[in-house]
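Here is the structure we will look at, set down as structure tokens.
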Amino acid sequence: MAVVKAKLDQGPPNYKEMLPPIITENYGKWAYHEIPSPGVLKHVSESGAALFSVRVASPRLVSIDFIRDICVLADDYCDGFLRFTTRNNVEFLVSDEAKLNPLMDALKAKGYCIGGTGPSISNIVHTQGWIHCHTAATDASGVVKAVMDDLYEYFDTMKLPAKLKMGLACCLNMCGAAHCSDIAIVGVHRTPPVINHDVIRKGTEIPSLVASCPTGAIRPDPKNKSVKVNDDKCMYCGNCYTMSPGMKLNDARNDGLAILVGGKTSNARSAPSFSRMVIPFLPNTSPRWPEVVAAVRNIIEVWIANAQKGERIGEWVERVGWERFFSLTGIPFSDMLIDDYIFSRETFRTGAAFKY
Amino acid sequence: MAVVKAKLDQGPPNYKEMLPPIITENYGKWAYHEIPSPGVLKHVSESGAALFSVRVASPRLVSIDFIRDICVLADDYCDGFLRFTTRNNVEFLVSDEAKLNPLMDALKAKGYCIGGTGPSISNIVHTQGWIHCHTAATDASGVVKAVMDDLYEYFDTMKLPAKLKMGLACCLNMCGAAHCSDIAIVGVHRTPPVINHDVIRKGTEIPSLVASCPTGAIRPDPKNKSVKVNDDKCMYCGNCYTMSPGMKLNDARNDGLAILVGGKTSNARSAPSFSRMVIPFLPNTSPRWPEVVAAVRNIIEVWIANAQKGERIGEWVERVGWERFFSLTGIPFSDMLIDDYIFSRETFRTGAAFKY
Amino acid sequence: MTEKKTPLLDELEKGKWPSFVTEIKRAAVRSASAAELLPLLERSYRERIGHWKHGGIVGVRGYGGGVIGRYVDVPEDYPNLAEFHTVRLLQPSGWFYNTKTLRTVCDIWEKHGSGLTNMHGSTGDIILLGCKTNEIQPIFDEFSEAGFDLGGSGSCLRTTNCCVGPGRCEHACYDTLDACYNITNEFMDELHRPMWPYKSKIKFSGCANDCTSSIARSDCSVIGTWRDTLIIDPVAVKEYAANGYPIKSQVCDKCPTSCLTYNKETQELTIVGEECSRCMHCINMMPKAIHPGKEKGATILIGGKSTIVQSAFMSWVVVPFMKLESEDDYEPFKELMRGIWEWWDENGKTRERIGETIYRLGMGKFLRETGIPPVPQMVFRPRANPYVFWNQDELDKSGTMLDGSAL
Amino acid sequence: MTEKKTPLLDELEKGKWPSFVTEIKRAAVRSASAAELLPLLERSYRERIGHWKHGGIVGVRGYGGGVIGRYVDVPEDYPNLAEFHTVRLLQPSGWFYNTKTLRTVCDIWEKHGSGLTNMHGSTGDIILLGCKTNEIQPIFDEFSEAGFDLGGSGSCLRTTNCCVGPGRCEHACYDTLDACYNITNEFMDELHRPMWPYKSKIKFSGCANDCTSSIARSDCSVIGTWRDTLIIDPVAVKEYAANGYPIKSQVCDKCPTSCLTYNKETQELTIVGEECSRCMHCINMMPKAIHPGKEKGATILIGGKSTIVQSAFMSWVVVPFMKLESEDDYEPFKELMRGIWEWWDENGKTRERIGETIYRLGMGKFLRETGIPPVPQMVFRPRANPYVFWNQDELDKSGTMLDGSAL
Ligand code: SRM
Ligand code: SRM
Ligand code: SRM
Ligand code: SRM
Ligand code: SF4
Ligand code: SF4
Ligand code: SF4
Ligand code: SF4
Ligand code: SF4
Ligand code: SF4
Ligand code: SF4
Ligand code: SF4
């Protein structure tokens with residue numbers, strides 16, 4: 001047991017201590033950047049100083065060994081500094097241009113993956129899955145690995161029409177912020193909760209549980225001191241399960257993954273937009289989810305073949321029309337893809353102009 | 001009392017009997033049209049036959065004398081045929097080109113207004129108002145008359161950027177379909193219903209009355225055998241008044257008019273769109289509503305000055321942005337204009353790109 | 001109280017636009033009620049408030065609607081307006097008239113009513129504005145004898161209407177006048193005997209210009225369109241070019257799908273047919289040179305309505321293309337509407353328009369239960385949320401592969 | 001049961017992308033729990049179902065969150081995973097590290113936990129994945145000593161994060177790293193002691209590229225912008241031109257406001273400053289030649305969140321422009337947030353994110369009660385319905401003229 005006395009509320013470590021000297025010196029004075037090669041950013045300061053950042057893929061779920069390994073590299077080539085990105089990649093911060101190629105060679109020799117800059121696919125923002133979360137409808141890291149293995153050619157090159165930002169969430173809570181990704185992979189349940197009355201009787205506040213259901217599918221069952229679910233109203237969202245472990249949703253035979261497409265968060269050119277569901281369900285075929293891999297690949301290839309330079313997936317689809325997206329990708333359309341929740345009305349085609 | 005025996009369900013008069021010979025002969029064979037002068041349409045058939053339609057303004061609320069007058073003209077110049085338009089104008093159907101100018105001269109001599117074709121302002125679709133409706137917050141015909149007098153120069157010319165379709169509804173029921181007009185004038189109440197408990201006790205089904213309120217502002221008041229209204233929740237929609245005459249909404253000191261802008265229903269170029277509120281309230285200054293007249297004129301003049309050729313008002317505003325609409329027109333913005341009803345979310349600026 | 005002077009209303013006889021006040025004054029010459037309407041309206045103009053109230057139900061034998069009962073709230077002051085009901089008459093398709101018919105309307109109305117009308121009401125009817133209760137049946141009887149019938153009011157199919165269509169428009173993709181006439185006749189019972197949760201309207205427009213504004217103003221919008229590619233007449237294009245018409249800037253640049261290309265050198269206009277969304281813009285701009293395709297029909301849209309209760313809705317696509325060329329083609333449309341109304345009748349709450357019922361219960365449920373096949377044309381874009389309902393009975397409890405086979 | 005072979009997981013060591021399975025195997029060498037995670041996960045891969053459950057609350061003295069309790073549902077088979085809690089640590093701004101700090105993390109975690117981490121969690125924390133209940137306090141104590149603090153969990157302010165900003169980006173319009181650090185420190189109590197209706201997040205992006213995706217992933221999005229006109233360097237423009245860069249097609253034609261004009265002859269790029277919406281596109285395309293304006297600051301947006309309960313929301317504008325240049329400028333931001341949270345705390349239901357509360361009660365009410373002035377920048381477009389609430393007390397019961405004066 002540690003005997004030290006903890007300090008409360010001291011906040012995060014001070015970032016100032018984490019910055020390499022070149023950044024401290026040129027802080028806020030960066031003039032422009034270039035991408036000399038895939039995975040390498042060159043930022044040039046008003047002072048003329050140049051910082052090279054080498055972006056390296058991370059599985060995100062890493063051991064301390066991984067961290068110690070990259071520390072060694074950072075010590076050798078980066079004065080002991082590195083950073084992680086908002087997509088969980090590692091960025092080696094090279095202030096001495098002479099060390100750039102040696103670093104790259106060392107990285108390649110050790111099997112690190114360099115890429116993810118410019119019009120490429122970067123890491124997939126993702127979540128816990130079967131590794132650590134109780135509500136997961138699928139695994140996170142495994143699907144990401146399978147998909148990225150397949151799409152690797154678009155990680156270490158910059159030949160896409162635009163950036164491709166993917167997100168994966170292992171349940172409808174959507175921790176992976178998949179709701180605004182170019183391509184989102186979302187774990188979905190398809191069956192109503194299986195009620196464990198004992199668990200509910202023991203530890204659940206029934207009114208809160210009833211209130212938690214967005215569709216009003218849960219009613220109190222006073223006789224049983226538990227609740228009942230109207231299966232027809234249930235949309236398998238998992239809100240009740242978050243409230244009570246007695247409402248188990250996981251279902252090995254019916255859980256799976258949905259694909260959503262066309263979201264973005266940048267304001268460049270077009271406003272941020274939500275991803276839209278195009279495939280309501282694909283099976284949970286661990287360990288390598290071939291159906292998901294194939295579905296994602298198909299969408300990307302059709303996008304590449306049809307988009308204009310600079311067009312994100314959603315921008316391309318909005319230009320050609322969603323009806324055209326379905327005809328070009330060959331993905332079947334169904335009533336499942338038509339919104340029937342709160343803001344559904346805005347998605348209905350209130351116009352007589354469309355394509356076949 | 002008539003002694004004839006009525007036939008039930010015989011349906012509308014047969015339109016075939018109402019068509020002038022030139023139409024019967026060229027039915028479905030029209031090849032193209034031209035607009036030789038404002039208010040005159042020339043439709044040419046594949047057969048070469050030409051039909052001239054002369055569009056004449058109607059106050060819509062007309063006496064049988066008016067109808068008899070136009071019948072005389074139709075007999076003289078149109079073989080006894082005429083029609084009305086979806087905007088309640090009269091169209092004289094001239095099959096003999098030699099009669100076109102004489103008809104025009106006769107019309108002008110008698111003070112009829114010819115116009116409303118092409119990029120012009122046509123008649124304002126409108127409703128009953130104080131003439132005949134119990135829920136009216138303003139008069140309909142009077143406002144239309146005042147506004148059209150002012151805008152007359154745009155009725156008998158074709159110098160606007162595009163068609164301008166106006167609608168007026170005298171209450172939120174919006175019979176005038178004002179909700180999708182380039183400019184909509186809508187009668188609005190601003191105070192909660194004044195309850196007449198006697199009337200409610202006599203003739204009202206209380207549960208239906210309670211259910212009729214979209215905001216849940218009405219509660220039963222069993223003690224009183226009547227209802228109570230939570231004033232804070234009331235949005236003065238008039239639903240309750242439609243259900244019961246005991247919920248009077250009309251309020252001479254507080255009723256008035258709102259202006260909405262930018263709707264359309266055609267699919268040409270852009271999808272049909274709703275009108276958007278830009279002025280929540282203007283006073284009910286009968287007999288000539290100068291504030292409404294000035295507000296409409298201002299919007300139109302700013303549109304003319306800023307729109308591209310062919311741009312409907314809504315298309316123009318969507319191109320330059322609603323924030324720019326307010327700065328260009330000088331109309332003050334307020335929280336009243338921000339949606340807070342069911343589909344509000346879609347109107348919020350979920351993006352960081354905008355103009356000042 | 002019934003002061004004859006109307007200084008406020010007189011203001012509305014000034015100006016260029018035709019004056020409804022003048023019209024009331026003309027009717028007032030021969031009608032006591034029209035004569036009393038003037039001072040009543042003057043009073044409303046002075047007080048800035050209306051003086052009408054709804055009250056007892058009025059009507060005609062054998063019908064459930066078609067007359068709007070109206071009573072002045074100060075009958076002591078305006079005895080001739082104590083009852084001042086409106087009669088709605090079905091108009092002929094496209095509001096075409098021969099003068100004989102119009103004069104018949106005037107004659108009967110002169111005899112029994114105020115002599116005031118709306119030509120027309122915004123739903124489309126001939127509106128006979130202001131009569132006494134005991135005149136209603138005689139009015140109906142005489143109009144019926146003359147070949148007229150009542151329009152709709154109440155929770156029923158309302159009076160339909162249609163654009164001028166093939167009667168005088170080169171764009172018409174189906175016969176709006178005939179479809180409206182035929183279909184209205186089919187649904188006489190639905191129109192005359194209210195029995196639904198709320199009102200329901202149909203409007204017929206011959207093309208996507210939607211000159212009846214059907215998309216905003218009717219629960220069912222029937223909008224003409226075509227299935228193949230629009231037709232470009234190269235000779236006529238050259239004529240436009242010769243006349244200096246700005247084809248590129250006014251036509252091609254504003255085509256929403258950018259599928260039109262104009263070659264200035266050769267003066268040729270070409271189209272990528274499958275990318276055209278049939279918005280009508282280019283046809284509107286160059287009616288002599290561009291025409292709808294040959295395979296014509298209509299798009300059926302559902303749900304349009306005004307703002308009460310759940311907000312205004314515009315109709316949305318439920319059948320992208322339906323042939324409407326002959327009476328035989330009307331049959332599937334009628335079947336469709338029967339099915340839709342039946343579903344609404346079963347599921348709708350009182351005062352809930354069909355669009356609101358579908359919104360509340362979901363398009364998916366609506367489509368499944370009416371048997372209308374889902375297609376991407378129904379939506380601008382798919383759902384953004386993942387809240388899909390799965391039919392538990394249909395669920396392949398073993399999971400499905402991308403190719404549809406079981407796990 | 002705890003079979004050592006993991007044939008399914010081994011499949012995930014193939015392929016080019018780095019393998020998390022390899023990482024678990026590495027950690028397994030020294031950690032019994034990591035070693036047991038492999039067969040448990042293999043089982044999940046075989047059965048296609050997870051094996052975690054939530055259970056008792058775990059935590060640290062003086063804190064209300066920061067640790068996620070997790071228990072395997074078959075502890076008999078996986079005793080080392082019976083307790084497998086996650087500790088969230090606040091990361092340094094921009095995820096910058098010196099190797100010493102990182103090694104400290106590794107050392108403490110090696111001692112007390114599984115040796116597995118997420119670098120980082122999707123909210124931003126350093127995630128220490130898997131430890132026993134009785135290790136939590138010691139872990140905290142040692143990390144605290146080493147200069148770390150817990151991140152957020154539960155109904156509190158969650159761990160904030162920010163883009164790399166001025167640390168390495170020429171686009172940064174305010175100091176994201178400092179703002180994030182300073183503001184996070186200000187709200188330590190809100191972050192560590194859950195007391196709100198639900199979670200609340202803040203993310204800081206230096207410009208409208210929004211590299212933290214703040215608009216989708218945080219209740220409050222602070223997005224850098226500028227108030228004046230962007231700056232064009234004409235010399236640099238000519239350089240792009242000389243290199244054959246397609247300025248017109250890639251930059252001007254894709255400017256959403258069409259406010260950029262390129263003159264091919266003179267190689268000059270000009271802007272109509274007031275029409276620019278600051279979308280960043282042209283700056284992104286020509287970072288050497290186009291730069292944000294001089295009057296820099298941030299737009300504050302509220303309401304972003306994921307799909308539970310009322311649908312996913314994106315944040316929307318509440319303050320179009322706020323200066324954020326110095327610590328003094330942070331004060332108004334902090335005040336704003338305090339006011340907003342207070343309003344939410346009073347009005348929000350349990351498990352209702354702030355965006356949902358505002359949606360339910362209306363933007364108007366929110367603005368009036370928080371005193372934030374309404375501006376058109378808050379909306380894409382005004383309301384389509386006429387359902388305006390009027391404050392009955394403020395109502396000028398005599399009506400108002402267009403110019404604001406009383407009737
Ligand atoms: C390092 C990082 C910020 C950080 O603090 O970690 C970053 C860094 C840069 N971003 Fe970003 N962005 C980063 C995540 C994002 C995100 C968020 C995300 O990926 O989840 C977005 C919003 C995504 C979206 O719109 O859905 C984002 C949208 C952009 C854009 C707008 C792209 C667009 O056209 O829509 C640009 C501009 C550009 O690339 O032209 C941009 C540009 C840049 C620049 C060029 C800025 C600069 O001048 O330094 C940086 C290099 C980009 C590159 O890799 O090509 N960055 N960038 C993040 C790298 C993540 C990664 O490992 O791949
Ligand atoms: C007569 C009428 C149909 C009828 O059955 O009565 C009619 C007739 C024609 N319309 Fe229309 N429209 C008529 C109401 C409408 C409406 C509905 C309305 O006004 O309430 C609309 C939809 C309004 C909207 O979008 O909000 C309408 C949207 C159009 C459009 C599309 C305009 C646009 O660019 O958005 C065209 C095409 C054009 O003019 O270029 C069009 C074109 C035409 C043409 C040129 C069609 C033709 O080739 O014959 C006709 C002459 C137009 C003119 O006046 O310039 N018509 N037209 C209606 C005349 C009303 C009036 O008295 O003014
Ligand atoms: C007469 C007319 C206005 C006019 O001057 O033209 C009219 C008049 C009335 N409408 Fe309407 N509506 C008339 C066309 C419309 C239209 C336009 C259309 O049909 O194209 C609409 C908008 C489209 C729609 O259907 O939504 C319309 C939407 C309403 C509504 C709101 C319905 C909704 O769902 O939002 C109500 C309220 C109600 O039904 O209780 C309403 C109710 C009424 C009532 C019956 C008011 C009442 O509760 O008693 C009005 C009777 C006035 C009177 O004294 O005659 N009226 N009403 C129109 C019918 C004339 C005709 O038959 O030709
Ligand atoms: C660990 C993490 C996923 C990851 O692997 O990165 C995570 C994990 C969980 N999230 Fe999350 N969320 C995580 C980031 C997010 C994000 C992304 C973000 O913050 O940028 C979101 C979407 C943005 C948002 O806040 O809406 C997110 C939206 C949710 C939601 C849905 C909230 C909503 O209003 O829609 C829930 C459900 C809930 O709160 O009950 C949730 C709930 C959970 C719980 C606590 C599940 C539960 O009910 O017990 C998960 C615990 C898993 C575990 O075993 O540790 N998590 N969660 C992320 C936190 C790491 C960190 O602190 O850095
Ligand atoms: S997305 Fe769902 S399953 Fe995945 S980590 Fe978040 S809450 Fe857990
Ligand atoms: S899963 Fe969602 S919809 Fe189904 S019962 Fe639980 S809370 Fe309700
Ligand atoms: S808009 Fe309102 S007041 Fe006017 S006619 Fe229709 S229901 Fe009556
Ligand atoms: S006016 Fe509308 S909101 Fe007010 S009480 Fe009546 S029905 Fe409810
Ligand atoms: S809707 Fe089309 S077919 Fe009908 S009148 Fe208008 S333009 Fe002609
Ligand atoms: S109809 Fe519309 S979409 Fe089709 S080519 Fe013409 S302008 Fe383009
Ligand atoms: S959000 Fe803007 S300032 Fe921050 S890293 Fe991205 S591009 Fe740079
Ligand atoms: S920032 Fe965007 S809107 Fe402004 S000039 Fe550049 S591309 Fe156009």
Side-chain angles (χ1 to χ4, degrees), chain A residues 1-2 4 6-13 15 18-19 23 27-28 30-32 43 57 59-68 71 74-75 80-81 83-84 86 130 134 136 141-142 145 148-149 152 173-175 177 179-180 214 245 250 252 265-269 272 284 286-288 342, chain D residues 8 11-12 15-18 20 23 26-27 44-45 47-50 52-54 62 90 92-93 95-99 102 106 110 115 118-119 122 138 141-142 144-145 147 149 166-168 170 177 185 188 208-210 212-213 215-217 254 256 279-281 287-288 306-307 309 311-312:
Chain A
M1 287 287 143
V4 291
K7 287 164 237 149
L8 294 192
D9 295 346
Q10 64 181 340
Y15 66 97
M18 310 294 168
L19 304 177
I23 288 190
Y27 197 82
W30 302 105
Y32 67 88
H43 283 84
R60 194 182 81 117
L61 170 55
V62 296
S63 64
I64 49 179
D65 309 270
F66 177 93
I67 302 175
R68 283 171 178 153
C71 283
D75 283 343
F81 294 93
R83 74 178 289 267
F84 295 85
T86 59
W130 292 332
H134 63 295
S141 317
K145 165 78 174 137
M148 286 308 291
D149 277 346
Y152 192 77
N173 285 341
M174 286 216 193
C175 298
H179 54 290
C180 293
N250 301 359
T265 57
S266 83
N267 291 272
R269 299 171 307 280
N284 225 344
S286 48
R288 293 200 65 101
I342 304 175
Chain D
L8 293 171
E11 287 297 314
L12 289 170
K16 284 206 157 184
W17 195 250
F20 70 102
E23 292 301 318
R26 292 175 83 181
S44 283
Y45 268 61
E47 298 176 359
R48 293 180 173 163
I49 197 155
W52 299 102
K53 55 175 189 164
H54 49 194
L90 292 172
S93 277
W95 301 283
F96 277 101
Y97 291 95
N98 57 44
T99 51
L102 277 179
C106 294
E110 175 166 18
N118 286 142
M119 293 300 272
S122 32
D141 291 343
E142 285 190 42
S144 180
E145 184 62 22
D149 200 353
R168 199 203 52 201
E170 69 271 26
L177 303 176
N185 274 312
M188 276 294 115
N209 283 331
D210 197 6
T212 66
S213 288
I215 203 158
R217 300 172 65 165
K254 303 207 164 186
C279 80
M280 288 299 295
H281 170 67
K288 292 185 189 168
S306 182
T307 199
V309 181
S311 298

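First the proteins, then the strands, lettered A, B, ... as listed; each starts at 1. Basis for what follows: all heavy atoms, side chains included, without hydrogens, waters or symmetry-related copies.
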What option among [options] has the most heavy-atom pairs under 4.5 Å with chain A?
options: Ser306(D), Ser122(D), Ser311(D); answer: Ser306(D)
options: Asn209(D), Leu8(D), Asn98(D), Leu102(D); answer: Asn98(D)
options: Pro92(D), Ala27(D), Ser93(D), Gly167(D); answer: Gly167(D)
options: Ser213(D), Gly15(D), Ser44(D), Pro18(D); answer: Pro18(D)
options: Pro287(D), Gly62(D), Cys279(D); answer: Cys279(D)

Using atom types as modelled and distance alone, determine if a side-chain donor or acceptor of [X] lies under 3.5 Å from a backbone N or O of [Y].
X: His179(A); Y: Ala216(D); value: yes
X: Arg48(D); Y: Ala252(A); value: no
X: Glu23(D); Y: Ser63(A); value: yes
X: Arg288(A); Y: Glu11(D); value: yes
X: Gln10(A); Y: Asp149(D); value: no
X: Trp130(A); Y: Tyr45(D); value: no
X: Asp149(A); Y: Trp17(D); value: yes
X: His43(A); Y: Arg168(D); value: yes

Do you know which of [options] has the most heavy-atom pairs with chain D at a distance under 4.5 angstrom?
options: Asp9(A), Thr265(A), Thr86(A); answer: Asp9(A)
options: Tyr27(A), Phe66(A), Phe81(A); answer: Tyr27(A)
options: Leu19(A), Leu8(A), Asn250(A); answer: Leu8(A)

Looking only at heavy atoms, which two atoms of [X] and [Y] are closest? And how far apart?
X: Met119(D); Y: Ile67(A); answer: CG-CD1, 3.9 Å
X: Val309(D); Y: Pro214(A); answer: CG1-CB, 3.4 Å
X: Lys16(D); Y: Tyr152(A); answer: CD-CD2, 3.3 Å
X: Arg269(A); Y: Pro256(D); answer: O-CB, 3.1 Å

* To do: Side-chain contact test, heavy atoms from C-beta onward, threshold under 4.5 Å: evaluate it for Pro245(A) versus Lys53(D) and give yes or no.
  =>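 No, every pair of side-chain atoms sits at 4.5 Å or beyond.
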* **Heavy-atom check, side chain of Lys145(A) versus side chain of Phe20(D), under 4.5 Å** =>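 Yes, at least one pair of side-chain atoms sits under 4.5 Å.
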* Portion of Ile215(D) that has a non-hydrogen atom of chain A nearer than 4.5 angstrom ->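 The answer is the side chain of Ile215(D).
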* Can you say whether Asn185(D) sits under 4.5 Å from chain A via the side chain, the backbone, both, or neither, judging by heavy atoms? ->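 The answer is the side chain of Asn185(D).
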* **Cationic N near anionic O, under 4.0 Å, Arg68(A) to Glu110(D)** =>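 Yes.
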* Asked: Between Ser266(A) and Asp210(D), do the side chains contain an N or O donor and an N or O acceptor separated by less than 3.5 Å?
  ->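 Side-chain D/A pair, Ser266(A) to Asp210(D): absent.
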* Of the backbone (N, CA, C, O) and the side chain (C-beta and beyond), which part of Ala57(A) lies under 4.5 Å from a heavy atom of chain D, both, or neither? ->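 Both parts, backbone and side chain.
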* Are Tyr97(D) and Phe84(A) an aromatic pair by the rule of ring centers under 6.0 Å? ->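 Yes, close enough.
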